[in-house]
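For clarity, every value in this text was computed on a predicted model and none was experimentally measured. Below, read A as the first sequence line, B as the second, and so on, with proteins coming before strands; counting in each chain starts at 1. FYI, side chains are in, hydrogens and waters are out, and symmetry mates aren't considered; it's all heavy atoms of this structure.
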Number of protein chains: 2
Amino acid sequence: MIASSRNSLNFKTIVSKIFYLCFIMARLIEFDEEQAIQKAMEVFWKKGYAATSMRDLTDAMQINSSSLYNTIGDKHRLFVRCIKHYIKMRIDAVEQRYISFASPIQALESFIKDAADIITTEPNSCLCVKATFEIEGDDPEIQAIITSYDNFTHRFLKDLVEKAQSQHQIGQNENADTVADYLVSTFIGWYNSFILHQDRNKILNMADFIIRQLRC
Amino acid sequence: MIASSRNSLNFKTIVSKIFYLCFIMARLIEFDEEQAIQKAMEVFWKKGYAATSMRDLTDAMQINSSSLYNTIGDKHRLFVRCIKHYIKMRIDAVEQRYISFASPIQALESFIKDAADIITTEPNSCLCVKATFEIEGDDPEIQAIITSYDNFTHRFLKDLVEKAQSQHQIGQNENADTVADYLVSTFIGWYNSFILHQDRNKILNMADFIIRQLRC
DNA sequence: TTAATTTTGAAACGTTTGTTTTAAAATAAG
DNA sequence: CTTATTTTAAAACAAACGTTTCAAAATTAA
């Protein structure tokens with residue numbers, strides 16, 4: 001079981017934290033937690049959960065394991081933080097890029113091409129996809145977090161599909177939910193294809209193909 | 001590195017094997033190797049490579065680790081055997097089911113529906129997809145095996161698409177290579193979707209959607 | 001400065017890891 | 001039966017695992 005032995009903050013720790021905040025100032029935490037999470041995320045992203053050791057993590061984060069356990073918690077708590085950090089990065093990027101767009105169909109096309117580009121240029125595949133296949137039902141907490149990210153992407157795409165349909169930019173016969181599901185599924189398949197074949201053109205051709213299909 | 005320390009058969013072992021076959025009959029191997037590989041495969045399939053321990057494997061295979069190392073080799077050799085065994089199962093199933101079919105388009109539709117059915121009814125997702133995301137470039141041997149399986153499926157689908165095109169059962173404008181790539185990608189995305197949402201209807205709707213898209 | 005408190009670094013903890021060794025059991029030719 | 005050889009089971013192996021302990025360093029209110 002991946003999801004075992006998660007000792008989060010206990011009562012004693014919480015009480016001492018409150019005391020710390022209200023009355024007494026002692027030694028301050030030296031390391032930058034955000035930065036450390038970023039480093040840990042990169043390790044998990046490359047190696048996966050089980051294949052990453054605590055030594056790998058503390059080496060990358062440049063902190064001692066006692067500091068890690070004092071602030072963030074055990075390996076699983078850290079993984080949760082890293083997954084959340086990764087998702088926040090991704091959502092922020094999407095929301096920044098798609099604040100406004102000329103038309104829904106153009107936004108859809110951009111999104112598809114962006115996906116193809118990310119998949120064929122980043123050094124690793126998607127941390128969430130890797131985690132999903134690694135845990136596969138054995139870690140409800142991680143799965144719930146990833147599912148909610150999946151839902152975000154789904155809503156985003158479904159919304160664009162509906163708008164494009166109502167503006168007669170794409171066919172109106174298909175169910176927007178299904179089209180959104182199908183787009184998300186395809187992107188995930190692209191990760192797999194690119195790992196196996198390292199063939200950027202394969203992915204770009206599929207992106208063009210999907211865009212053509214959407215238009216009719 | 002996943003793919004380290006693979007001590008395969010050394011010279012001494014090979015020589016003694018030859019002696020064994022030519023001259024001397026001693027104690028025979030007791031356990032059924034095929035059966036043991038099947039059991040090991042099931043464990044890897046459920047837990048992944050890194051999260052599976054040698055104790056997990058020898059418990060499932062019901063053999064002692066010394067027997068395992070004597071016959072099959074180390075953990076990585078065993079994983080190779082299990083992946084090959086899995087692929088053989090899959091290829092055999094496809095070749096049995098698709099020896100003959102009324103028409104290319106019907107075969108394509110069947111294949112898509114079969115994929116949807118397998119994905120939504122089997123207890124685990126695809127061993128090869130899990131392995132691909134787990135190793136991601138760190139294990140050339142496993143990756144080559146999985147890639148050749150991917151190529152098999154690709155050729156099978158491309159062949160059907162070409163035949164369906166030449167018989168005017170589907171549109172002839174699209175490149176058969178790209179359509180085959182895109183079908184494979186989509187199936188892999190379905191595994192991800194089903195892990196996260198456990199929603200069979202999502203997958204069936206996407207299967208219907210793809211079939212409709214193919215026809216035009 | 002003293003007292004109170006926390007973070008830190010290093011070492012240590014008991015398990016579990018993948019793998020090897022060792023000796024006994026099994027087999028069959030001579 | 002003896003001899004030669006192999007497979008097996010159990011124990012042992014060092015290394016690595018995730019986690020905890022503990023004393024020293026750091027900090028600041030009093």
Side-chain angles (χ1 to χ4, degrees), chain A residues 1-10 12-33 36 40 43-44 47-80, chain B residues 1-10 12-33 36 40 43-44 47-80:
Chain A
M1 266 284 280
I2 289 173
S4 61
S5 78
R6 306 168 191 171
N7 55 349
S8 59
L9 300 172
N10 57 19
K12 184 185 145 202
T13 315
I14 291 165
V15 166
S16 68
K17 294 260 169 191
I18 293 168
F19 260 81
Y20 164 78
L21 288 170
C22 295
F23 304 108
I24 293 148
M25 293 296 289
R27 186 174 179 180
L28 296 167
I29 296 173
E30 280 178 8
F31 73 95
D32 180 342
E33 200 166 303
V43 181
F44 279 131
K47 310 184 66 160
Y49 181 77
T52 298
S53 74
M54 290 301 281
R55 261 90 173 174
D56 293 334
L57 293 165
T58 50
D59 285 355
M61 299 165 87
Q62 302 221 64
I63 61 171
N64 192 272
S65 62
S66 67
S67 300
L68 178 54
Y69 277 84
N70 260 339
T71 52
I72 292 161
D74 63 11
K75 187 185 179 187
H76 189 270
R77 293 314 320 155
L78 177 56
F79 190 53
V80 168
Chain B
M1 263 287 277
I2 288 173
S4 62
S5 77
R6 306 169 192 172
N7 55 348
S8 57
L9 298 174
N10 58 20
K12 186 185 143 204
T13 314
I14 291 166
V15 167
S16 68
K17 294 261 168 191
I18 293 167
F19 260 82
Y20 165 76
L21 287 169
C22 295
F23 303 108
I24 292 149
M25 292 297 287
R27 185 175 179 179
L28 296 167
I29 295 174
E30 280 178 7
F31 73 95
D32 179 343
E33 200 165 302
V43 180
F44 279 131
K47 308 186 66 160
Y49 181 77
T52 298
S53 74
M54 291 301 282
R55 263 88 176 174
D56 292 334
L57 293 164
T58 49
D59 285 356
M61 299 165 85
Q62 300 221 65
I63 61 170
N64 192 275
S65 63
S66 67
S67 299
L68 177 55
Y69 276 84
N70 259 340
T71 52
I72 293 162
D74 63 10
K75 188 186 177 185
H76 189 269
R77 296 308 327 150
L78 177 56
F79 191 52
V80 169

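Distance CE (B:Met61) to C1' (D:dA9): 16 Å, rounded to an integer number of Å. Rounded to whole Å, atom P of C:dT20 lies 15 Å from atom CD1 of B:Ile72. Between the P atom of C:dT19 and the CG atom of B:Leu78 lies a distance of 10 Å, rounded to the nearest Å. Between the P atom of C:dT21 and the OH atom of B:Tyr69 lies a distance of 12 Å, rounded to the nearest Å. Atoms CG (A:Leu68) and C1' (D:dT19) sit 10 Å apart, rounded to a whole Å. Here the P atom of nucleotide C:dT17 and the CG atom of B:Leu57 are 11 Å apart, to the nearest Å. Between the CD1 atom of B:Ile63 and the P atom of C:dT19 there is a distance of 14 Å, given to the nearest Å. For the pair A:Arg77 CZ and D:dG18 P, the computed distance is 17 Å after rounding to whole Å.
Between its two ends, the helix from C:dT1-D:dA30 to C:dG30-D:dC1 turns its axis by 10°, counting five pairs per end and rounding to 10 degrees.
Listed by chain and residue number, nothing satisfies the salt bridge (Lys or Arg N to Asp or Glu O under 4.0 Å) test with A:Asp59 (two or more places apart in sequence, or in another chain).
Contact record, B:Asn64 with B:Thr58: C-CG2, 4.3 Å, taken as the closest heavy-atom pair. Shortest non-hydrogen contact noted between A:Arg77 and A:Ile72 is CB-O, 3.5 Å.
In this structure a side-chain-to-backbone donor-acceptor pair under 3.5 Å is present from B:Lys75 to B:Thr52. The backbone N or O of A:Ser67 sits nowhere less than 3.5 Å from a side-chain atom of A:Asn70 that would complete a donor-acceptor pair.
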Output one line per pair: protein atom, nucleotide atom from nucleotides 10-17 of chain D, and distance, for all N/O pairs under 3.5 Å.
| unit_1 | atom_1 | unit_2 | atom_2 | d |
| --- | --- | --- | --- | --- |
| D:dA10 | N7 | B:Asn64 | ND2 | 3.2 |

